[in-house]
Number of protein chains: 2
Amino acid sequence: MKEKPTREQIVEAADRLFYERGFEHTSFADIADVVKISRGNFYHHFKSKDEILRAVIEARVASTREMLARWEAASDNPAERIRSYIDVLIAHRTPIMKYGCPVGTLCSELARLGHASRTEANALFGLFRQWLRREFERLGRARDSDTLALHLIARSQGVAVMANAFHDEAFIRREARMLYAWLAQYCPEQEQTHE
Amino acid sequence: MKEKPTREQIVEAADRLFYERGFEHTSFADIADVVKISRGNFYHHFKSKDEILRAVIEARVASTREMLARWEAASDNPAERIRSYIDVLIAHRTPIMKYGCPVGTLCSELARLGHASRTEANALFGLFRQWLRREFERLGRARDSDTLALHLIARSQGVAVMANAFHDEAFIRREARMLYAWLAQYCPEQEQTHE
DNA sequence: GTCTATAGACGGATAGAC
DNA sequence: GTCTATCCGTCTATAGAC
């Protein structure tokens with residue numbers, strides 16, 4: 001069995017820990033513990049904690065792009081594509097209730113720390129924003145596509161924050177249904193097969 | 001000029017710093033700096049950081065109750081009262097863009113830390129939830145008053161998260177208008193004088 | 001003399017950097 | 001593995017009110 005390169009293992013572990021415990025609350029020792037390397041070995045791969053953060057954000061950008069590409073491949077219908085975005089709330093409900101949204105919590109933490117990588121983290125929101133905007137445009141909403149995209153992301157973020165606070169799965173499902181209904185009003189007439 | 005009691009000054013400073021920098025990121029030295037007392041003096045008033053956190057949450061609960069009481073005093077109309085809640089997004093747009101929502105960010109941070117005072121912090125959401133629920137009931141929505149209350153809080157939280165990430169004032173105003181419109185659909189027929 | 005507020009030094013632990 | 005910085009928490013000392 002071929003092991004993954006150490007650097008990649010570090011980024012994966014950091015990615016998970018930054019999500020579960022937060023960036024600041026995660027120490028080198030925590031990451032080294034998971035990867036099972038010494039702290040000394042650490043600095044061979046990353047010179048500073050900020051450097052790990054940058055690598056984690058890059059990895060998340062890459063995986064987000066892949067996910068968006070998968071949604072595009074899965075359907076040609078813009079409404080169905082946008083529904084894929086809403087579906088994430090349901091599919092990831094367990095970690096969301098435990099830890100919130102990975103993008104939202106990271107951006108909030110970095111904003112508060114006034115961290116230099118803030119902008120890069122916000123770019124994650126930007127990816128969804130642009131992608132959703134394009135799909136809303138294809139739904140014939142060229143004039144307010146950005147407004148709709150931002151609105152949908154904000155609604156999802158709100159659901160994540162409240163689900164995290166109250167650990168309420170029924171709430172997530174209910175809000176997801178509301179979002180499907182909200183989306184439906186922007187769709188040209190067609191049978192709603194979803195769920 | 002009579003000075004405020006030191007304890008009160010500490011709680012006020014901690015309240016502000018916990019909001020602006022976060023609970024974990026705020027050190028005793030930071031608070032002592034603001035209040036202009038020594039760190040040693042600190043422990044005369046509070047035995048631990050958690051004790052300050054509890055005092056801060058208590059203070060926020062008290063000030064929230066006062067705010068809700070003011071909204072009740074300002075109008076007898078449940079729709080107008082609920083609008084007072086939405087108004088906060090506009091009135092506090094500047095700190096929200098800078099630091100997010102004080103309740104949301106605290107609850108998210110404590111949830112992530114697995115902090116013991118998590119429950120008390122969530123009670124802040126609970127205050128708004130119960131209050132909004134009662135007003136929705138008075139609007140004749142006894143059956144789904146809690147759903148509507150939670151939905152409205154979630155929407156606000158989403159706006160706060162995104163406004164914080166993108167520093168977008170126009171977005172806040174737009175979303176507030178959408179919320180006023182959303183609320184209007186639950187109101188019995190009457191002229192909409194608001195804004 | 002006692003009680004309370006304040007100040008400052010010290011120790012243990014942890015984390016980041018090298 | 002070590003070095004340094006930071007931070008929490010404790011301990012002791014001082015000053016003034018009563």
In whole angstroms, how far is the [atom2] atom of [N] from the [atom1] atom of [X]?
X: A/H25; N: D/dC7; atom1: NE2; atom2: P; result: 16 Å
X: B/D33; N: D/dT6; atom1: CG; atom2: C1'; result: 14 Å
X: B/F42; N: D/dC11; atom1: CZ; atom2: C1'; result: 18 Å
X: B/R39; N: D/dT10; atom1: CZ; atom2: P; result: 11 Å
X: B/K47; N: D/dT10; atom1: NZ; atom2: P; result: 10 Å
X: B/N41; N: D/dG9; atom1: CG; atom2: C1'; result: 15 Å

- Query: Is a side-chain donor-acceptor pair under 3.5 Å present for A/D30 with A/S27?
  - Reply: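 The criterion, which ignores hydrogens and geometry beyond distance, is satisfied for A/D30 and A/S27.
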
Cut-off 3.5 Å, no hydrogens considered: what does the side-chain donor-acceptor table look like for residues 67-74 of chain B, sequence neighbours left out?
from  : atom 1 : to     : atom 2 : distance (Å)
B/E72 : OE2    : B/W131 : NE1    : 2.8

- State plainly whether the residues B/R138 and B/E135 are in salt-bridge range, i.e. N to O under 4.0 Å.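 Salt bridge: yes.
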
- Query: In Å and rounded to the nearest 0.5 Å, what is the OH to CZ distance from A/Y85 to A/F128?
  - Reply: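 Interatomic distance, A/Y85 OH to A/F128 CZ, rounded to 0.5 Å: 6.0 Å.
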
- Message: Would you say that B/F136 contacts B/T147 through its side chain, given a criterion of any heavy-atom pair below 4.5 Å between the two side chains?
- Response: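 They are not in side-chain contact.
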
- Query: With a non-hydrogen cut-off below 4.0 angstrom, is B/Y43 in contact with a base, only sugar-phosphate, or nothing?
  - Reply: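 Base contact.
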
- What nucleic acid atoms does A/S38 come within less than 4.0 Å of, heavy atoms only: base, sugar-phosphate, or nothing?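 No contact at all - A/S38 keeps every heavy atom at 4.0 Å or more from the nucleic acid.
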
- Message: Using a 4.0 Å cut-off to any heavy atom of chain B, which nucleotides of DNA chain C are the first and last in contact, reading 5' to 3'?
- Response: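 Under 4.0 Å from chain B, the extent on DNA chain C is C/dT4 to C/dG8.
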
- Message: Do A/F18 and A/V35 land in one hydrophobic cluster if side-chain heavy atoms of ILVMFWY residues count as linked below 4.5 Å?
- Response: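 Yes, same cluster.
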
